[in-house]
Amino acid sequence: MSEGEGTTFMQWRERAQSEVRDDRPKMRAVMITAAVVVVIGIVVGALFLLLS
């Protein structure tokens, strides 16, 4: 493996890690939103069953 490939791989790995770091808050927001939607759905479904 030549030095050029090594530096390219290191640069690619650093860029991939920084992209993952940048995306993490977005993913957390998406997961929290999904959890809230699921909880609301369960509550609404339970109320609907109780009232019917």
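- Scored by the side chain to side chain contact (heavy atoms under 4.5 Å, CB included) test, Val38 finds Ile42 as partners (sequence neighbours excluded).
- Not counting sequence neighbours, the partners of Ile32 by the side chain to side chain contact (heavy atoms under 4.5 Å, CB included) test are Arg28, Val36.
- With sequence neighbours left out, the side chain to side chain contact (heavy atoms under 4.5 Å, CB included) criterion links Val44 to Ile40.
- Hydrophobic clustering, defined by side-chain heavy atoms of Ile, Leu, Val, Met, Phe, Trp and Tyr closer than 4.5 Å, groups Leu47 together with Val39, Val43.
- Rounded to the nearest 0.5 Å, atoms OG1 (Thr8) and CZ (Arg15) are 10.0 Å apart.
- Taking each heavy atom of Ala29 and Thr33 in turn, the nearest pair found is O-OG1, 2.7 Å.
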